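To start, the structure itself, in structure tokens.
All values reported here derive from a predicted model rather than from experimental measurement.
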Amino acid sequence: NLSGEETTGLQFAGLINGSRGDMEGIQWAGIANVSNGSVQGIQFSGVANMGMESIQGLEFAGVLNASQGDVQGLLFAGVANISGGNLQGLVFSGVLNYADHFEGIQGSTINITRRSEGIQMGVVNISSQSEGIQLGVINYADEFVGLPVGLISYYRNGRLNLDAWADASGFTNIGLKTGTWEIYNTLSIGYNPTLSGDVWQLGWTIGRHREYKDYFIDSDFSFFHINEGGWSDKVNQHYQYRVLFGTDLGSNTAVYAGPSLNLLLSKSDRYAEYAPYSFYDAGPGTAQFKMWIGLTAGIQFLRNTP
């Protein structure tokens with residue numbers, strides 16, 4: 001279906017719906033819906049929906065939704081949603097969402113924006129300026145305000161610290177702490193020298209930092225997977241909530257210490273060795289539970305300030 005001017009109404013095509021002007025209505029195409037003007041309505045395409053100007057409405061494409069102008073609405077694409085202007089709404093794709101300015105919720109393997117306001121969910125989230133929530137394996141922004149949730153959340157206006165700490169369970173840990181000044185994520189590795197064999201753990205932490213005149217308070221939640229020798233798929237997990245009180249020593253260094261509440265969920269034969277004591281035990285069964293109150297003490301390097 002081809003039109004030299006504007007198109008309004010209901011169209012079906014095995015290959016292409018095309019217009020040199022604006023397109024309005026409901027369109028289905030086996031290959032592509034293409035317009036040199038703006039698009040308003042509902043579009044379904046096996047390959048691509050493309051508008052040279054703005055797009056408003058509901059779009060589904062097996063491969064690509066693309067516009068050189070602004071986009072508003074609900075977009076689903078098997079591969080990518082791309083906008084050269086502002087992108088607003090709910091946007092999901094299998095590989096890439098790209099926009100100059102995004103507002104709303106977007107989900108993809110990779111989300112890239114110059115400016116973002118809302119929620120980004122992906123393996124990698126990248127933005128020059130971002131405000132809202134970034135949820136991914138790697139989050140990056142030159143300037144970020146909001147809630148970072150990731151293995152590594154690096155922001156040029158945020159924090160980048162190196163922490164080393166030990167706790168009553170016997171593990172000595174080192175971790176990379178990133179995120180904003182107030183909300184941080186820590187990716188860590190630890191080793192337990194008090195136990196026979198090679199007992200080590202990988203951990204992830206999300207926490208909140210509060211700064212006061214002469215001290216600071218961190219409260220965070222951590223998840224650790226304990227391994228015996230090589231990597232183990234066996235259930236052997238340590239959950240920990242901490243409240244830490246710290247102070248600056250100068251030279252970008254700080255120390256901290258505080259109590260922790262711990263829960264061990266384990267199917268390991270050595271589960272009893274991972275808790276110094278317990279005030280609650282459950283088992284035997286499919287898994288063993290232990291709970292105890294512990295103590296953490298550590299030191300932070302590369303301590304930048306807000």
Side-chain angles (χ1 to χ4, degrees), residues 149-153 159-179 184-210 215-249 252-303:
V149 182
L151 289 181
I152 297 178
S153 300
R159 65 163 69 233
L160 181 63
N161 310 130
L162 184 66
D163 278 33
W165 72 95
D167 59 41
S169 63
F171 281 92
T172 299
N173 306 273
I174 186 169
L176 182 66
K177 182 180 288 184
T178 60
Y184 59 84
N185 305 141
T186 304
L187 185 63
S188 63
I189 185 169
Y191 182 76
N192 196 327
T194 65
L195 300 178
S196 61
D198 294 324
V199 179
W200 58 284
Q201 64 182 11
L202 285 178
W204 179 81
T205 301
I206 184 169
R208 181 181 180 184
H209 175 86
R210 284 162 289 190
Y215 64 97
F216 63 86
I217 299 176
D218 288 347
S219 55
D220 56 37
F221 173 80
S222 300
F223 165 81
F224 301 98
H225 179 71
I226 302 173
N227 302 276
E228 300 165 355
W231 175 264
S232 173
D233 293 330
K234 183 185 299 183
V235 175
N236 204 8
Q237 297 159 355
H238 177 195
Y239 302 89
Q240 184 180 72
Y241 176 75
R242 308 182 301 178
V243 178
L244 304 172
F245 301 87
T247 186
D248 284 308
L249 297 181
N252 296 321
T253 305
V255 292
Y256 54 83
S260 64
L261 176 63
N262 301 268
L263 169 65
L264 177 71
L265 173 62
S266 177
K267 291 185 177 181
S268 170
D269 295 335
R270 304 180 61 180
Y271 78 95
E273 301 178 41
Y274 301 136
Y277 74 96
S278 63
F279 63 81
Y280 175 79
D281 286 273
T286 57
Q288 303 288 341
F289 292 86
K290 277 184 172 291
M291 295 185 68
W292 70 96
I293 300 295
L295 179 67
T296 297
I299 185 169
Q300 183 177 101
F301 302 99
L302 307 176
R303 179 176 156 81

* Intermediate values then yes/no, side-chain contact (heavy atoms from CB on, under 4.5 Å), Leu244 and Phe216 -> CA-CA 8 Å; Leu244 304 172; Phe216 63 86; 5.9 Å; no

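- Under the rule for a salt bridge (charged side-chain N to carboxylate O under 4.0 Å, His left out), the partners of Glu273 that lie at least two apart in sequence or sit in another chain are Arg270.
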* **Test side-chain contact (heavy atoms from CB on, under 4.5 Å) applied to Leu302 and Leu160, step by step** => CA-CA 7 Å; Leu302 307 176; Leu160 181 63; 5.6 Å; no

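- The salt bridge (charged side-chain N to carboxylate O under 4.0 Å, His left out) test applied to Asp163 returns Lys177, not counting sequence neighbours.
- When all heavy atoms of Ser169 and Pro276 are compared, the closest pair comes out as CA-CD, 4.1 Å.
- Residues Ile226 and Tyr274 meet the side-chain proximity criterion, which asks for heavy atoms closer than 4.5 Å.
- When all heavy atoms of Asn173 and Gly190 are compared, the closest pair comes out as OD1-CA, 3.3 Å.
- Rounded to the nearest 0.5 angstrom, Asn227 CG and Asp233 CG are separated by 9.0 Å.
- Interatomic distance, CH2 of Trp231 versus CH2 of Trp200, reported as 6.0 Å (0.5 Å rounding).
- The OG1 atom of Thr296 sits 7.0 Å away from the CG atom of Asn262 when rounded to the nearest 0.5 Å.
- The two residues Asn236 and Ser266 have their closest heavy-atom pair at OD1-OG, 2.8 Å.
- Ser188 is linked by a side-chain hydrogen bond (donor to acceptor under 3.5 Å, both in side chains) to nothing, counting only residues two or more places apart in sequence or in another chain.
- The list of salt bridge (Lys or Arg N to Asp or Glu O under 4.0 Å) pairs with a residue in residues 194-208, not counting sequence neighbours, reads Glu182-Arg208.
- The side chain to side chain contact (heavy atoms under 4.5 Å, CB included) search around Ser278 returns Asp281, Lys290, not counting sequence neighbours.
- No hydrogens or angles considered: nothing links the side chains of Asn192 and Gln201 as a donor-acceptor pair under 3.5 Å.
- Checked against ring pair (Phe, Tyr, Trp, His ring centres under 6.0 Å), Tyr191 has no partners two or more places apart in sequence or in another chain.
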* **Derivation and outcome, side-chain contact (heavy atoms from CB on, under 4.5 Å), residues Ile152 and Asn185** => CA-CA 7 Å; Ile152 297 178; Asn185 305 141; over 6 Å; no

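- Rounding to the nearest 0.5 angstrom, the gap separating the OG atom in Ser196 from the CD atom in Glu228 is 9.5 Å.
- Not a single side-chain hydrogen bond (donor to acceptor under 3.5 Å, both in side chains) links Ser232 to another residue, sequence neighbours left out.
- Taking the side chain as every heavy atom from C-beta outward, Thr253 and Asp248 never approach each other to under 4.5 Å.
- Taking Tyr239 as the reference, Gln237 meet the side-chain hydrogen bond (donor to acceptor under 3.5 Å, both in side chains) condition, with sequence neighbours excluded.
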* Go through the steps to decide whether Gln240 and Thr205 satisfy the test side-chain contact (heavy atoms from CB on, under 4.5 Å), and finish with yes or no. => CA-CA 9 Å; Gln240 184 180 72; Thr205 301; over 6 Å; no

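- Within a 6.0 Å sphere centred on CZ of Phe279, other residues, nucleotides and ligands contribute more than 12 heavy atoms.
- Here the OH atom belonging to Tyr241 is positioned 11.0 Å from the OG atom belonging to Ser260, to the nearest 0.5 angstrom.
- With sequence neighbours excluded, no residue forms a ring pair (Phe, Tyr, Trp, His ring centres under 6.0 Å) with Phe171.
- Here the side chains of Phe224 and Leu202 are not in contact, with every heavy-atom distance at 4.5 Å or above.
- Asp220 is linked by a side-chain hydrogen bond (donor to acceptor under 3.5 Å, both in side chains) to Tyr184, Arg242, counting only residues two or more places apart in sequence or in another chain.
- For the atom pair CG of Asp269 and CD of Gln288, the computed distance is 9.5 Å after rounding to the nearest 0.5 Å.
- A donor-acceptor pair under 3.5 Å is absent between the side-chain atoms of Trp165 and the main chain of Ala257, judged by distance alone.
- The ring pair (Phe, Tyr, Trp, His ring centres under 6.0 Å) test applied to Tyr215 returns Tyr212, not counting sequence neighbours.
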